[in-house]
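Before any comments, here is the structure.
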Protein chains: 2
Amino acid sequence: MRIIIMSRRERTPKQHVILEAIQGRTDHPTAEELYRELNEHGHAISLATVYRNLRALTQEGKVRELHGAGPDRFDPTVSPHYHFRCHRCGRIYDLDLPYRRELDSLNLGLGFKVLGHQLIFLGLCQNCQGEKEEPWQK
Amino acid sequence: MRIIIMSRRERTPKQHVILEAIQGRTDHPTAEELYRELNEHGHAISLATVYRNLRALTQEGKVRELHGAGPDRFDPTVSPHYHFRCHRCGRIYDLDLPYRRELDSLNLGLGFKVLGHQLIFLGLCQNCQGEKEEPWQK
DNA sequence: CTGCCTGCAAAATCTTTGCAGAGTG
DNA sequence: CACTCTGCAAAGATTTTGCAGGCAG
């Protein structure tokens, strides 16, 4: 006797456009931003579906979730790298710095088991350096 | 004629116990955790007041807000330092590593104005290394 | 027909806010 | 009284979930 594993589609249609949309941006959009962009570009899709598929993609390891003030953002690059986060608009950008793998071997004490690290620079992105108002644009 | 500036109390009673409570912990509690701890220890206080005063303390620069998966956490130490975040329980601990001030002078390109950086190690804290269940204890 | 995917609306989670009453001087 | 601080409940913001209908094999 044989156990047959249910076949599962690699990628649903909506998941595909979501992945494409996120990969087409460098500012690590929020679910809401992706939802708006997709609908403005002719893809009828609900916010729930955006959230659902972003979560699925996260669990599959296709995208990474980033937390900060305000809504979560999503990063299409999952290999270890560092970020810059704009304090004003909340956007997050990838940086082109080498990942310091040796930091993950440090003994930090307290019995911590280190699996990785994040380095996030904070400041103002170019767009926001002249601005006075709208302290928290989404 | 003289402009009289209203005198303002340095610290309200509730704010004081909140600050004391957070300073008595090393795991950077959430508002909810502080709320529970205080009420269990005889301080009648509402969750709204905990949030309100944590926000006030943050704006005063007395505590720092930390973001991650799940609710925000609060750090009683505001001088620059690094953190360890447990992937399972979400708790955040201070690390005793020197702050690399020189990193804030790097030119990261894209016109970023750097104000500081965060280094966060991810992994499992001692409590969570043996555990199998309860993947997201608060 | 069977099962996955989606939209919609409701629920859930986390946080802020309006308002009225208590406390202080 | 004038003012701040607080609790309560409601509202807000973000994210997840139940359910029914649609579509593909």
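To find a chain, count down the sequence lines: A is the first, B the second, and so on, and within it residues start at 1. Just so it is clear, the structure is predicted and the values come from calculations on it, not from any experiment.
Look at A:Arg52 and you won't find any side-chain N or O under 4.0 angstrom from OP1 or OP2 of D:dT15. At least one side-chain nitrogen or oxygen of A:Asn53 sits closer than 4.0 Å to the OP1 or OP2 atom of C:dT6. Considering only side-chain N and O atoms, B:Thr12 lies nowhere under 4.0 angstrom from the phosphate OP1 or OP2 of D:dC5. Side-chain N/O atoms of B:Thr49 include one lying less than 4.0 angstrom from OP1 or OP2 on D:dG7. Taking side-chain N and O atoms only, B:Tyr51 has a distance below 4.0 Å to OP1 or OP2 of C:dT15.
Across the protein-nucleic acid pair, B:Leu66 atom CG and C:dC14 atom P stand 16 Å apart, rounded to whole Å. Rounded to whole angstrom, the span from the CZ atom of A:Arg11 across to the P atom of C:dT6 amounts to 12 Å. A straight line from CD of A:Glu33 to C1' of D:dT15 spans 16 Å, rounded to a whole angstrom. One can place CZ of A:Arg55 at 14 Å from C1' of D:dT14, the figure rounded to the nearest angstrom. Atom CG in A:Leu54 sits about 15 Å away from atom C1' in C:dT6, given to the nearest Å. As a whole-Å value, the separation of A:Leu47 CG from D:dT17 C1' is 13 Å. Atom pair A:His67:NE2 and C:dC14:C1' shows a separation of 14 Å (rounding to whole Å applied). For the pair B:Leu34 CG and C:dT15 C1', the interatomic distance rounds to 15 Å; values are reported in whole Å.
Residues B:His83 and B:Leu95 form no side-chain contact, since every pair of their non-hydrogen atoms from C-beta on lies 4.5 Å or further apart. For the pair B:Leu108 and B:Val114, the minimum side-chain heavy-atom distance is below 4.5 Å.
In this structure, B:Ala44 reaches the sugar-phosphate backbone alone: every heavy-atom distance under 4.0 Å involves primed, P, OP1 or OP2 atoms, never a base.
Salt-bridge check for B:Glu65 with B:Arg73: failed, with every basic side-chain N at 4.0 Å or more from each acidic carboxylate O.
Here the side chain of B:Pro71 is nearest to one of D:dC8, C:dT15, D:dT6, namely C:dT15. The side chain of A:Ser46 lies closest to C:dC8 when the candidates are C:dC8, D:dT6, C:dT16.
Outside the 6.0 Å centre-distance limit, the rings of B:Tyr51 and B:Tyr35 are not counted as a close aromatic pair.
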Using the rule given for side-chain hydrogen bond (donor to acceptor under 3.5 Å, both in side chains), can you reason through B:His117 versus A:Tyr82, listing the C-alpha separation, both sets of side-chain angles and the distance that settles it, and then say yes or no?
CA-CA 11 Å; B:His117 69 274; A:Tyr82 299 140; over 6 Å; no
